[in-house]
Amino acid sequence: MTNVRVRIAPSPTGPLHLGTARTALFNFLFARHLGGTFIFRLEDTDQARSTEAFEVDIIEGMHWLGIRWDEGPAVAGEPEIGNYGPYRQMQRMASYTEAANRLLAEDKAYYCYCSPDELDVERKRQEASHLPARYNGRCAHLSAEERAAFEREGRRPVVRFRIPEERKIAFDDIVRGHVEIDTNALGGDLVILRSDGTPLYHFTVAVDDAAMEITHVIRGEDHLSNTPKHILLFEALGASIPQFAHLPLILNPDRTKMSKRKTQTSVDAYRMDGFIPEAFVNYLALLGWSTGTEEEVLSLDDLIERFDLAKVNSSGAVFDRERLEWLNGQWIRRLPAPDLIARLRPFLETELAAGRIEWMPSDQEMSALLPVVQERLPTLAAVGELIGFLFQEDVTPDLALLVPKRWDMAATAANLREARGIMAAGRDTWRAHEIEAPLRILVEDRGWKAGDLFMAIRVAVTGRTATPPLFDTLVALGYERTLARVDRAIARLEAGTPPSL
RNA sequence: GCCCCCAUCGUCUAGAGGCCUAGGACACGGCCCUUUCAAGGCUGAGAUCAGCGGUUCGAAUCCGCUUGGGGGUACCA
């Protein structure tokens, strides 16, 4: 165990987000690689938008991905683990007011009575004269009388943290290298407590990171510009300054910051789409990082072993669902049969509930099918599309699909009838190559194309043109149902065929 | 507006001055396999390394500028 301590601090104001999941993963990989401590902290101070349902979604989503923490809430309502708790900010309120009072006492912060409206007017004025938006410091040096006057007006002050002027804050970001930002660009003295006494994000993050002795702050690039504020706060609080690593952002296809509008961002939505966590985590890890080798299909353990913050990219990465799907297929193919069947269950339930299948296949049926199904599943959710026709009473194929280009309806009906006769003799030998062999002889005798007959049978029996291998499919369907479906197709073809002259 | 960050195939990336007439993967095309669909194998196309200057014997790699993109700039997180 090293003394490395990192954290992920999501706010439960929405379902687990792709970006949060990736940041969590990078923190987790970093901690595990180094034998450090990974901490989960809930930033639930936005009471208006935070809900317990989102909290549960986030925690369960993380667990689904295989991301576990050493300190933090277990699941909603249950006890926490770790000696630096509580791990919910709402339960740490006292520490923020205590810290703010300390800064006030040391004159590192002061009460500001400017109203939001006044601030707004000032901001607009600065904007109009092309000046950087910045608090003008009107309340920075109020006398006791002035303060009393404001109080008498009924104004409730915020607490502002003094940002020094003309100072360069420099830090060495692990992924970006040396970064320098002038304190004049920080927007002036920073509000750390609202007029109702509740703390603001930049303040809570610094107070908590200090209290939890975070050594490395690994987060999205959107916080890069805010880092000097945090550094100043750490200094004022007398805390040591952690190392920073700012991860490249995940982007929409148009290269803007990923948004719900343009990219599916909910991790749970990907789960419901049939992605498996092995693939998801693998994909996320490779968004902005690579091993430097040509390895791409990597398990969580592989990732932990190879992870290196210094090899993280600095430019944004477009989320590419097709590549995720490819990785998902890779991982599905690697799953042991019983495992895959178990994971397919919930998706079969969904098919059943939606009426797309009429009964549930047994584990035996599924494992018989698996060899021909496993390599054809891009996602777990594709299972219904692939083999649903097996678990329906009947199918009604499109007549147009039933008739091969070289045949017409009458020929198709007649040829299917011949094939049906041959298959009918196979009741006791209903196995793939024993169905196939005599049909091939028939094809040979008649001078047909094997593909034409097989496609006609395929469509007659499954209703689709793309299926698992035909004869395996027939075996799975069974003798009776195969013949019944062929018969029905023949009947429909004959009914649709105009009588010949 | 101001500040910061970024810039290699459509996309994810390899590349830490000579190994690069730039490698891999996804997607796309072709061929093989084949009853369809996949999977797999082989193969093709695809990047004047954003542009311009500089440093150097030598630059995708270092520096500067330009352009483009992104982020930040709240009594949001």
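Proteins come first, then strands; the chains are lettered A, B, ... in the order of their sequence lines, and each starts at number 1. As the structure is a prediction and not an experimental result, all values here were calculated from the model.
- At least one side-chain heavy atom of Phe171(A) sits under 4.5 Å from a side-chain heavy atom of Thr227(A).
- At the heavy-atom level, Pro469(A) lies under 4.0 Å from base atoms of the strands shown.
- Outside the 6.0 Å centre-distance limit, the rings of Tyr283(A) and Phe275(A) are not counted as a close aromatic pair.
- Judged by Watson-Crick or G-U wobble contacts below 3.5 Å, the nucleotide A38(B) has no partner.
- Glu165(A) pairs by the salt bridge (Lys or Arg N to Asp or Glu O under 4.0 Å) definition with nothing, not counting sequence neighbours.
- Taking atom P on both nucleotides, A16(B) is separated from U11(B) by 23 Å, rounded to a whole Å.
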Table of protein N/O atoms under 3.5 Å from nucleotides 46-49 of chain B N/O atoms:
none

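- Within 4.0 Å of Thr45(A), counting heavy atoms only, lie sugar-phosphate atoms of the nucleic acid but no base atom.
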Contact state string [nucleotides 21-31 of chain B, B base, S sugar-phosphate only, - no protein heavy atom under 4.0 Å]: --SBBSS----
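- With P as the reference atom, G23(B) and G64(B) are 30 Å apart, rounded to whole Å.
- The partner of A45(B) cannot be assigned: no Watson-Crick or G-U wobble pair with both contacts below 3.5 Å exists in any strand.
- For Arg481(A) and Tyr479(A), the positive end is not near the middle of the six-membered ring at less than 6.0 Å and at most 45° from its axis.
- Residues that satisfy the side chain to side chain contact (heavy atoms under 4.5 Å, CB included) test with Val191(A), not counting sequence neighbours, are Val158(A), Arg160(A), Leu200(A).
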Under 3.5 Å between N/O atoms: give me all the protein pairs with nucleotides 65-71 of chain B, atom names plus distance.
| unit_1 | atom_1 | unit_2 | atom_2 | d |
| --- | --- | --- | --- | --- |
| G71(B) | OP1 | Lys257(A) | N | 3.2 |
| G71(B) | N2 | Ser225(A) | OG | 3.0 |

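- One C1' atom belongs to A22(B), the other to C76(B), and the distance between them is 45 Å to the nearest Å.
- Trp289(A) and Phe307(A) have their aromatic ring centers within a separation under 6.0 angstrom.
- Across all strands shown, Asn313(A) has heavy atoms under 4.0 Å from sugar-phosphate atoms exclusively, and none from any base.
- Using a 4.0 Å heavy-atom criterion, one finds that Glu180(A) contacts the sugar-phosphate atoms exclusively.
- Remark: aromatic rings of His223(A) and His246(A) are distant, center separation not under 6.0 Å.
- Comparing the same atom, P, in U13(B) and in G54(B) gives a spacing of 33 Å after rounding to whole Å.
- Pairs of residues two or more places apart, or lying in two chains, that qualify as salt bridge (charged side-chain N to carboxylate O under 4.0 Å, His left out) and include a residue from residues 373-390 of chain A are Glu385(A)-Arg464(A).
- The same atom, C1', is picked in C42(B) and in A59(B); the two are 35 Å apart, to the nearest Å.
- Remark: the separation of the P atoms in G10(B) and G46(B) is 11 Å, to the nearest Å.
- A7(B) is paired with U67(B) under the criterion used here, namely a Watson-Crick or G-U wobble arrangement in which both key atom distances are under 3.5 Å.
- Annotation: Phe203(A) is not in aromatic contact with Phe161(A) [ring centroid separation under 6.0 Å not met].
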Under-3.5 Å N/O pairs linking protein and nucleotides 73-75 of chain B:
| unit_1 | atom_1 | unit_2 | atom_2 | d |
| --- | --- | --- | --- | --- |
| C75(B) | O2 | Ser195(A) | N | 3.2 |
| C75(B) | O2 | Ser195(A) | OG | 3.1 |
| C75(B) | N3 | Ser195(A) | OG | 3.1 |
| C75(B) | N4 | Cys114(A) | O | 3.3 |

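- The P atoms of A38(B) and A45(B) are separated by 24 Å, rounded to the nearest whole Å.
- For Arg343(A), the salt bridge (Lys or Arg N to Asp or Glu O under 4.0 Å) partners two or more places apart in sequence, or in a different chain, are Glu278(A), Asp339(A).
- In this structure Tyr96(A) satisfies the side-chain hydrogen bond (donor to acceptor under 3.5 Å, both in side chains) test together with Asp208(A), sequence neighbours excluded.
- Every residue meeting the salt bridge (Lys or Arg N to Asp or Glu O under 4.0 Å) condition with Arg167(A), not counting sequence neighbours, appears here in chain and number order: Glu235(A).
- Checked against salt bridge (Lys or Arg N to Asp or Glu O under 4.0 Å), Glu444(A) has no partners two or more places apart in sequence or in another chain.
- By the side-chain hydrogen bond (donor to acceptor under 3.5 Å, both in side chains) test, Arg306(A) is found to be paired with Glu295(A), residues two or more places apart in sequence or in another chain being considered.
- One C1' atom belongs to C49(B), the other to U61(B), and the distance between them is 10 Å to the nearest Å.
- The base of C5(B) has none of its N or O atoms less than 3.5 Å from a complementary donor or acceptor on the side chain of Arg176(A).
- Of the candidates U36(B), C2(B), A38(B), U36(B) carries the atom nearest the Met455(A) side chain, counting heavy atoms from C-beta on.
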